[in-house]
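Here the structure comes first, spelled out in structure tokens, and everything after it is commentary.
Predicted model, so just to flag it, every value in this text is computed and none were measured.
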Amino acid sequence: MPISDLSLRKALKLSFADQVLLRRELRTFIRTERNRENGADQGGGDFYGPFWRDAKQHALGLSDLSTDTEARIDANPRRANLYPELRDGFLLWWGQRRRWTNAPYEQGARHFGSVELHEAGISISVENLLSVIDGRGDEYLVYPYFFPAPVVSEEAASIALWVCSQALPRVPAQQIRVLDVMRGTTFSLDRNPLSGDERATFCAMLNRVVSEYEALIEE
């Protein structure tokens, strides 16, 4: 079952989507998988990847996100709707809302991992984080959520923080952030403490996603 491997951001989007959005996303997912199986060229690549590479460079002081975003849009006009919103949200957070030091940042280590949710038959991957070390030597990891909808809720943030802490056991959980990029909003354990039922809640939501996926496959 192809849906057995999901990125955390995709799993959050599907789990918290309303019924209309969920069915639309799953139909696209199924169509993409069938085209891949048939050898069709998917094209396009990772829509959000170029933006996030530029954002990480901006955080390290190596480039300017506003300039880079304009260049990305010039290269591919399909980015004209969402990239400016992502840029504005990221810059709002980076310039005003983050609560670290204002000293220059260094590149942190590359971290990635996954969590096996056997109850739902799904593996959730955590990758492509922003990793920076501040002037005091503290490393912070930021996991990005890019999608316009659904917005990251308090419940979604708690689940995401739990997944990140499980997937990255060598990283102090207090230094992990989940960033809703478009809204410029971050979530962390000091403001979003875990309740202890995140795994059970997430698995129940993912089981709903899997059931809907299987029903659409049969259509």
Side-chain angles (χ1 to χ4, degrees), residues 1-52 72-73 76-86 89 112-129 143-164 166-167 178-183 185 187 195 197-219:
M1 184 178 65
I3 205 170
S4 60
D5 295 290
L6 294 173
S7 68
L8 173 55
R9 64 184 64 88
K10 187 67 172 182
L12 291 173
K13 181 178 186 178
L14 295 175
S15 296
F16 286 88
D18 62 28
Q19 189 67 9
V20 173
L21 177 59
L22 176 60
R23 289 178 68 87
R24 184 168 68 242
E25 287 293 317
L26 288 176
R27 289 184 189 280
T28 299
F29 190 97
I30 292 167
R31 183 170 59 252
T32 300
E33 288 301 315
R34 286 175 174 169
N35 287 341
R36 183 178 294 112
E37 291 172 1
N38 294 330
D41 181 13
Q42 300 301 303
D46 180 2
F47 180 83
Y48 296 100
F51 168 82
W52 191 236
R72 295 290 187 185
I73 293 171
N76 184 350
R78 290 181 54 247
R79 298 165 173 159
N81 289 330
L82 292 183
Y83 269 37
E85 294 187 56
L86 292 167
F112 59 91
S114 62
V115 176
E116 301 293 331
L117 298 177
H118 302 290
E119 303 93 321
I122 292 180
S123 176
I124 306 296
S125 63
V126 176
E127 81 305 309
N128 201 14
L129 298 96
Y143 184 82
Y145 176 89
F146 301 115
F147 305 118
V151 173
V152 178
S153 63
E154 295 287 331
E155 183 180 26
S158 294
I159 288 173
L161 289 166
W162 174 79
V163 172
C164 288
Q166 296 297 303
V178 172
L179 172 63
D180 186 340
V181 179
M182 198 164 287
R183 267 64 61 172
T185 303
F187 303 87
S195 61
D197 63 353
E198 282 77 17
R199 183 185 185 107
T201 299
F202 200 22
C203 286
M205 300 178 82
L206 288 170
N207 279 325
R208 165 187 168 246
V209 172
V210 171
S211 295
E212 190 66 40
Y213 171 81
E214 292 175 342
L216 289 173
I217 285 286
E218 294 300 320
E219 288 186 358

### Query
To the nearest 0.5 Å, how far apart are CG in Asn128 and CH2 in Trp52?
7.5 Å
### Message
Within the structure provided, determine whether Pro150 and Lys13 are in side-chain contact (heavy-atom separation under 4.5 Å).
### Response
yes
## Note on the structure
Between Ser4 and Gly121, the two heavy atoms sitting closest are CB-O, 3.5 Å
#### Entry: Contact summary for Phe187 and Leu161, nearest pair of heavy atoms
O-CD2, 3.7 Å
### Message
To the closest 0.5 Å, what do you measure between CD (Glu219) and CD1 (Ile30)?
### Response
8.0 Å
### Passing option when Cys164 is tested against Ile159, Ile124, Leu8 for side chain to side chain contact (heavy atoms under 4.5 Å, CB included)
Leu8
#### Entry: Residue pair Arg24, Gln19: steps toward the side-chain contact (heavy atoms from CB on, under 4.5 Å) verdict
CA-CA 9 Å; Arg24 184 168 68 242; Gln19 189 67 9; over 6 Å; no
### Message
Please tell me whether Glu127 and Ser125 have a donor and an acceptor in their side chains that are separated by less than 3.5 angstrom.
### Response
yes
### Query
So do Lys10 and Glu25 actually touch side chain to side chain, heavy atoms under 4.5 Å?
yes
### Message
Show the nearest heavy-atom pair for residues Pro84 and Arg79, with the distance to one decimal.
### Response
CD-O, 3.7 Å
### Query
Nearest heavy-atom pair of Leu206 and Ser15: which atoms, and what distance?
CD2-OG, 3.3 Å
### Task
Take Phe51 and Val181, measure what side-chain contact (heavy atoms from CB on, under 4.5 Å) needs, and give me the verdict at the end.
CA-CA 11 Å; Phe51 168 82; Val181 179; 3.9 Å; yes
### Summary
Interatomic distance, CD1@Ile217 vs CZ@Arg27, rounded to 0.5 Å, equals 10.5 Å
### Query
How long is the span from the CG atom in Leu216 to the CZ atom in Phe29, to the nearest 0.5 Å?
12.0 Å
### Query
Counting distance only, does the side-chain N/O of Asp180 pair as donor-acceptor with the main-chain N or O of Thr185 below 3.5 Å?
no
### Message
Once rounded to the nearest 0.5 Å, what's the spacing between atom CG of Leu26 and atom OH of Tyr213?
### Response
8.5 Å
#### Entry: Expected output: side-chain Asp197 to main-chain Ala200 donor-acceptor under 3.5 Å
no
### Query
In terms of ring plane angle, is the pair Phe146 and Tyr48 parallel, tilted or perpendicular, where the classes change at 30° and 60°?
parallel
### Task
Taking all non-hydrogen atoms of both residues into account, name the closest pair between Ala167 and Val115 and its distance.
N-CG2, 3.6 Å
### Query
Taking the six-membered ring for Trp, are the ring centroids of Phe147 and Phe16 within less than 6.0 Å of each other?
no
### Query
To the nearest 0.5 Å, what is the distance between CD (Glu214) and CD (Glu212)?
10.5 Å
### Message
To check you understand the geometry: which heavy-atom pair defines the closest contact between Ala160 and Val178, and what is its length?
### Response
CB-CG2, 3.8 Å
### Query
Tyr145 versus Arg183: any side-chain heavy-atom pair under 4.5 Å?
yes
### Message
Quick one, Ser7 and Tyr143 - any side-chain contact, counting heavy atoms below 4.5 Å?
### Response
yes
### Query
Just one of Val126, Leu12, Leu117 clears the side chain to side chain contact (heavy atoms under 4.5 Å, CB included) bar with Val163, so which one?
Val126
### Inter- and intrachain pairs under side-chain hydrogen bond (donor to acceptor under 3.5 Å, both in side chains), touching residues 113-124, at least two apart
Glu116-Ser123, Glu119-Arg199
